Amino acid sequence: MTTVKTQSWKKMRFADFVDTEPKSTLKKDQEYPFIPMELVDGVSKYPTSYFKKKFTGGGTRFMDGDTIFARITPCLENGKIAQIKDLPENVGFGSTEFFVFRSKDGVSDKDFIYYLSRTDHVRSPAVKSMVGASGRQRANKTVIENLEILVPPLSEQHDISKILSVYDTLIENNTRRIHILEQMAQVIYAEYFATVAEAIVEKKKLPVGWKAENLYDVADIKMGYAFKANQFNEEQRGLRTVRIRDIPSGVATTYTTEEVNSSYLVKKGDFLIGMDGIFHMNHWQDEDALLVQRVCRVKPKSEKMRAYLALSLVKPVKHFEATLMGATVAHLGSRHLEEVFIAIPDSSFDQKLEYLNMFLDAKLQYSYQNQALRKTRDLLIPKLVTGEIAVK
């Protein structure tokens, strides 16, 4: 690669380079893959998954290769942008809060469009164009369509996309390994521990040698610090913060320069629970960060319980999610966690607990690798797609 920008790049309107009104044919009352906003995590190239849903005429339609671009706050600010891939029958639909960008034959490369859409050159004007009621502001697509962009010839777009796609391919492969490790842990947990966990919920007698202990007796529980809204920033100034929206990806999207007691510090591998709405649970994967209000950190007091405790909390927390949900957002509080009891196995299960920890540690290592790959990719994206670094 060289730092000399090629003279063959040309200026174009975004709408002349990208099809911003693509057509996709879906038949009414048939089931298709559906991608809601929550399945775009803001850090992965592709949606984390999809589910089948009957198409009734609403929603945003798209095809494999299209880029979906969140148009509503705070999803746009959080970088909820993804490329569609591997849909059955090549077509699907999703949230109405997506714009859809498609490549034009002989003009634009689908992967280059995705990477270009992730840059501040496209995102910042989109954010600044937002209008509407507080909390429901939406970007003005006309502003995006009229953006003046500098683009390379199609062959160079392909070359740039190949370089960046190497990182995303490695990330995708690691993600598959993570899912396999999660499935292996689930199999062991289901075979040796799940039945006893059910017995605790149903208040039945436990097997000989087992005991039920309160969550607060087996783990240190820490609730987050109550930052004010103006104490956050998204310009990567200060220390990372862990907000509820960051839990699924394990990656920080906001920062703060406020000085907070070190007891609120979250380290890689710490297990977190979001305490509002959908109670997300995950191990933290980013660098050190500060625990924010409505996020809870759960640290097992025994090393051998690290993975087991996280798996044991899924059912009770999902129970709260189902029973607390009402007309308003459900809130999980410390008083709810005080109701949780954990089934503690006798020492004959220590080997199985160690297997669970091994799977967790391997999963986290792949997750950390993905974080490093994403950081390198995200440093390269703006330099390559704007020509600051040329590939020829």
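What you are looking at is a predicted structure, and each value in this text was computed from that prediction instead of being measured.
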Salt bridge check, Lys301 against Glu213: does any charged N sit closer than 4.0 Å to a carboxylate O?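 The answer is no: the pair does not qualify as a salt bridge.
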Any idea how Tyr32 and Phe93 line up, ring-wise: parallel (<30°), tilted (30 to 60°), or perpendicular (>60°)?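 Perpendicular: the ring planes of Tyr32 and Phe93 meet at over 60°.
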Are side-chain N/O atoms of Tyr115 and Lys45 paired as donor and acceptor at under 3.5 Å?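 Yes, because at least one side-chain N or O of Tyr115 sits under 3.5 Å from a partner of the opposite role on Lys45.
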Full working for salt bridge (Lys or Arg N to Asp or Glu O under 4.0 Å) between Asp64 and Lys110: CA-CA 10 Å; Asp64 278 351; Lys110 61 182 177 62; over 6 Å; no
Under 6.0 Å between the ring centres of Phe98 and Phe62?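 Here the rings of Phe62 and Phe98 have centres that are no less than 6.0 Å from each other.
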Aromatic plane relationship, Tyr308 with Tyr189 - under 30° parallel, 30 to 60° tilted, over 60° perpendicular: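 Tyr189 and Tyr308: tilted rings.
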With Thr254, which of Asn233, Asn78, Thr241 fulfils side-chain hydrogen bond (donor to acceptor under 3.5 Å, both in side chains)?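 Output: one option passes, namely Thr241.
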State the NE2-NZ distance between His179 and Lys363, to the nearest 0.5 angstrom.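 Answer rounded to 0.5 Å: 8.5 Å.
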Indicate the ring-plane relationship of Tyr264 and Tyr225, choosing parallel, tilted or perpendicular according to the 30° and 60° boundaries.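 Perpendicular.
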Salt bridge between Lys375 and Glu287, side-chain N to carboxylate O under 4.0 Å?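 Here Lys375 pairs with Glu287 in a salt bridge, since their nearest N and O are under 4.0 Å apart.
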Could you give the distance from CD1 (Ile144) to OG1 (Thr20), rounded to the nearest 0.5 Å?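 Separation between the atoms: 9.0 Å.
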Using ring-ring contact (aromatic ring centres under 6.0 Å, His included) as the criterion, point out the one residue from Phe17, Phe14, Tyr114 that pairs with Phe101.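 It is Phe14; the other options fail the test.
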Stepwise salt bridge (Lys or Arg N to Asp or Glu O under 4.0 Å) test for Glu234 and Arg123: CA-CA 13 Å; Glu234 298 180 7; Arg123 285 176 57 190; over 6 Å; no
